[in-house]
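Step one of this worksheet: look at the structure below.
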Amino acid sequence: MNYQPYQGLGNLSIGNASRSYAGGSGSSGQELTVQEFENVRERIRREGTYGLARPQYSYISMITMAIQKSPTRQLALPDIYNWITELFPYYQNHQDDGWQNSIRHSLSFNDCFMKVARSPNKPG
DNA sequence: ACCTAATTCAACA
DNA sequence: TGTTGAATTAGGT
C-alpha cells in the first residue's frame, strides 16, 4: 500500500500554511518545511551527517517531506521509514522505539494522507 | 482555563 | 501492515 498526499479539496493539502502546526501543537518541536529541509541538507553537507541528536521535527512534516520529495509523490511505508532514517541517523539507532508505530498512526489518523492501491496511478 | 493537535502506548484485525 | 482509542504533552487563544 502506498501513500500520497491528499490532493482533494483545498484546505487539507500538504503545503498548506493555514495549518501552522509548526511550533504549534502537541509535544513536537517544529515543522520540517521546505526551507528547513534545505537547512538540514546544508548541515549534512558541511558536517557529513545530521548527527545523532533527535530531530525535533514532527512526524507529520517528515512524512510529508518524504512524499513530496519522491518523484512520484507516492511512497510505501518502508520507503518512508528509509527516507527518515537516511536523513536522520538518530532513527537508525532507535529502530524499535515506537516511532514507526507513530508514523503508521499518523498516516491512518490524519486525513491528509491517502492510501493508494499500488498499480496504475494517473497523476492529476 | 480551555481548545486543539502531535505523540506515545497498545489492543486488535 | 493498518485502524483505532486513551492518555499525555504542550502551544495558542
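Every chain is numbered from 1, with letters handed out A, B, ... down the list of sequences.
Atom-to-atom, CH2 of A:W99 to P of B:dA6 comes out at 18 Å; the value is rounded to the nearest Å. Look at OH on A:Y3: it is 9 Å from C1' on C:dT3, rounded to the nearest Å. Going from atom CZ of A:R104 over to atom P of B:dC9 covers 13 Å, rounded to whole Å. When rounded to the nearest whole Å, the span between CD of A:Q30 and P of C:dG11 equals 13 Å. Rounding to whole angstrom units, NE2 of residue A:H105 and P of C:dT1 are separated by 18 Å. In this structure, A:N101 atom CG and B:dC12 atom P are separated by 15 Å, rounded to whole Å. Look at CZ on A:F109: it is 9 Å from P on C:dG5, rounded to the nearest Å. Put simply, OH on A:Y59 is 9 Å from P on B:dC9, counting in whole angstrom units.
Looking at A:D79, its side chain never comes within 3.5 Å of a backbone N or O of A:L75 through a donor-acceptor pair. Listed for the A:T85 side chain is a donor-acceptor partner under 3.5 Å among the backbone atoms of A:Y81. Of the possible donor and acceptor atoms, one in the side chain of A:S61 sits under 3.5 Å from a partner among the backbone N and O of A:L32.
Regarding contacts with the backbone of B:dA6, every side-chain N or O of A:Y57 stays at 4.0 angstrom or more from both OP1 and OP2. Within the structure, a side-chain polar atom (N or O) of A:S102 is placed less than 4.0 Å from OP1 or OP2 of B:dT8.
Atom CZ of A:R43 has more than 12 heavy atoms from other residues, nucleotides or ligands within 6.0 Å.
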